[in-house]
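This report concerns only the one structure given below.
Lettering follows sequence order; numbering is per chain, from 1.
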There are 2 protein chains.
Amino acid sequence: MAHISTDHEVLAAVFQVRRADLPSTDRKAALHVLLWQRALSPERGKWSLPGGRLGVDEDMTTSVRRQLAEKVDLRELAHLEQLAVFSDPDRVPRRRTIASTFLGLVPSPATPELPSDTRWHPVSDLPPMAFDHGPMVEHAHNRLVAKLSYTNIGFALAPGEFALSTLRDIYSAALGHPVDATNLQRVLERRQVITRTGTTARSGRSGGRPAALYRFTESRYRVTDEFAALRPPG
Amino acid sequence: MAHISTDHEVLAAVFQVRRADLPSTDRKAALHVLLWQRALSPERGKWSLPGGRLGVDEDMTTSVRRQLAEKVDLRELAHLEQLAVFSDPDRVPRRRTIASTFLGLVPSPATPELPSDTRWHPVSDLPPMAFDHGPMVEHAHNRLVAKLSYTNIGFALAPGEFALSTLRDIYSAALGHPVDATNLQRVLERRQVITRTGTTARSGRSGGRPAALYRFTESRYRVTDEFAALRPPG
DNA sequence: ACAAAAGTGTTAAGGGTACACCCATGT
DNA sequence: ACATGGGTGTACCCTTAACACTTTTGT
């Protein structure tokens, strides 16, 4: 059996909960993923995950961060974790390339400037994707959904301070189904994932009781409960 | 930033629940991992996970299976799944090598013949390990423990038919803490993970009621419950 | 009869969900 | 006063864990 050196690339599915970019349409918050459009063949015009080849003496995590820095402000990347490896010999043409995929998360209000070929796309409505990047996004999304239920990973999607209804919208967008703010509060408070700041927000124009503000207790990833929660209603 | 082609290896932590090999000692079943002893430098004499370099036109899964075939009878490998990638540039000397790790499971009664340099070692008492293979075993074990609680992965550790007390011993060895056979039965039956065969085992020499035999309903990996169970007592 | 092993029944505790109801603010 | 959004209380269900008790076998 012959052995060869193969290329190795890292690719990141970076998510953020955003209101739709389109001006007039439905302004509900939705989960978006960061993609760039290929200018060159192969797969010209299709959309790719950010990333690229692993450099010499580079750890994979270091490599992802370096390559993401070309697309987003790294200070806004609140979470980064390894996902699966895609190793099909024919997954891309020409040189054989193994891809290690990552999950990245950017908190909600931040809106970094993007290069002109780069854009946020709603996960529920992806453009034509290059190579095997479509399944990679799906895989990353599944992982995010799972971890929202038993870890404090939400800190990486939420602003520093937030009202519970805001947090509900974020969880709801990321999970893809409605979330009850009441129960979200209790689950996260019992697990001591969120803490009251003591301050309150001002009411909106249309009135309503002012919301208490919360923050995530820790900004470091932590498994909080082996029990899964936040599953779809029904 | 320069780019290079790096070597890529696959390594598998293959587990089996076995009684201790030692003749006279404590014959309780314990979780073991398959290791081989390095005959050559570097790290000569230390113990390694089976695996090796990825071949041309080889999928990683294909590669692991090929390389494991040199150590165990592949027909006995009931489960194989990808774990993490280890990419520290200095994780092994000489050529830079990225390692993709796998979790493999072999059912309990099977005792394949092994090459002379290869042996089952209790996970709780590992020999001096080569390179970063120690943490790899630990990582694989953690994954196994987690998945025992919310998937049917036990099928890959258990014999085709078994008494519940046997299954309890297997789960107990793999989890590293005592398991109540009563509750194990109810949890796995409710989830329809195990099914009664209708037959019963004969009693042992010392008497006792004959045990009903069970089998796993499916022999394919499946997530059975988002809820974690089988956590340590207390 | 007795010991040993297996299986059943019962209870308690914890977590999650659903939903009715009360509270505070703006118009 | 009323609408609007926020927050609390409560009741229910499901799952698991713990353990006492019964059943079936061998000696």
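Atom NE2 in A:His177 sits roughly 13 Å away from atom C1' in C:dG16 (whole-Å rounding). Protein atom CG of B:Asp180 is 8 Å distant from nucleotide atom P of D:dA18, rounded to whole Å. If you take CG of A:Leu175 and C1' of C:dG16, they are 15 Å apart, rounded to a whole angstrom. Protein atom CZ of B:Arg186 is 9 Å distant from nucleotide atom C1' of C:dG7, rounded to whole Å. Here C:dG16 presents its C1' atom at 12 Å from CG of A:Leu188, a figure rounded to the nearest Å. Across the protein-nucleic acid pair, B:Arg190 atom CZ and D:dC13 atom P stand 16 Å apart, rounded to whole Å. Distance B:Asp169 CG to C:dA6 C1': 13 Å, rounded to the nearest Å. Atom C1' of nucleotide C:dG15 and atom CD of A:Glu189 are separated by 15 Å, given to the nearest angstrom.
Closest to the side chain of A:Arg209, from the set D:dT8, C:dG16, C:dC23, is C:dC23. Side-chain atoms of B:Asn183 lie closest to D:dC19 of the nucleotides C:dA24, C:dG7, D:dC19. Of the candidate nucleotides C:dA18, C:dA6, D:dG7, D:dG7 has the atom nearest to the side chain of A:Ala211. Looking at the side chain of B:Thr182, the nearest of the listed nucleotides D:dG7, C:dG16, C:dT8 is C:dT8.
Backbone-only engagement by A:Ala212 is indicated by non-hydrogen atom pairs under 4.0 Å involving sugar-phosphate atoms exclusively. Within 4.0 Å (heavy atoms only), B:Arg202 reaches no atom of the nucleic acid at all. No engagement by A:Ala181 is indicated, since no non-hydrogen atom pair under 4.0 Å with the nucleic acid exists.
Residue A:Glu218 places its CD atom among more than 12 non-hydrogen atoms of other residues, nucleotides or ligands, all under 6.0 Å distant.
Remark: of the listed residues B:Leu35, B:Val33, B:Leu49, B:Leu49 is the sole one forming a side-chain contact (heavy atoms from CB on, under 4.5 Å) with B:His133.
Within the structure, side chain to side chain donor-acceptor pair (under 3.5 Å) contacts touching residues 154-168 of chain B (residues at least two apart or in different chains) do not occur.
B:Gln185 has a side-chain polar atom (N or O) that falls below the 4.0 Å cut-off from OP1 or OP2 of C:dT8. Between B:Ser165 and C:dA5 there is no side-chain polar atom (N or O) within less than 4.0 angstrom of OP1 or OP2.
Taking 4.0 Å as the cut-off between side-chain N and carboxylate O, B:Glu113 and B:Lys71 do not count as a salt-bridged pair.
At a threshold of 4.5 Å between non-hydrogen side-chain atoms, the residues A:Phe15 and A:His141 count as touching.
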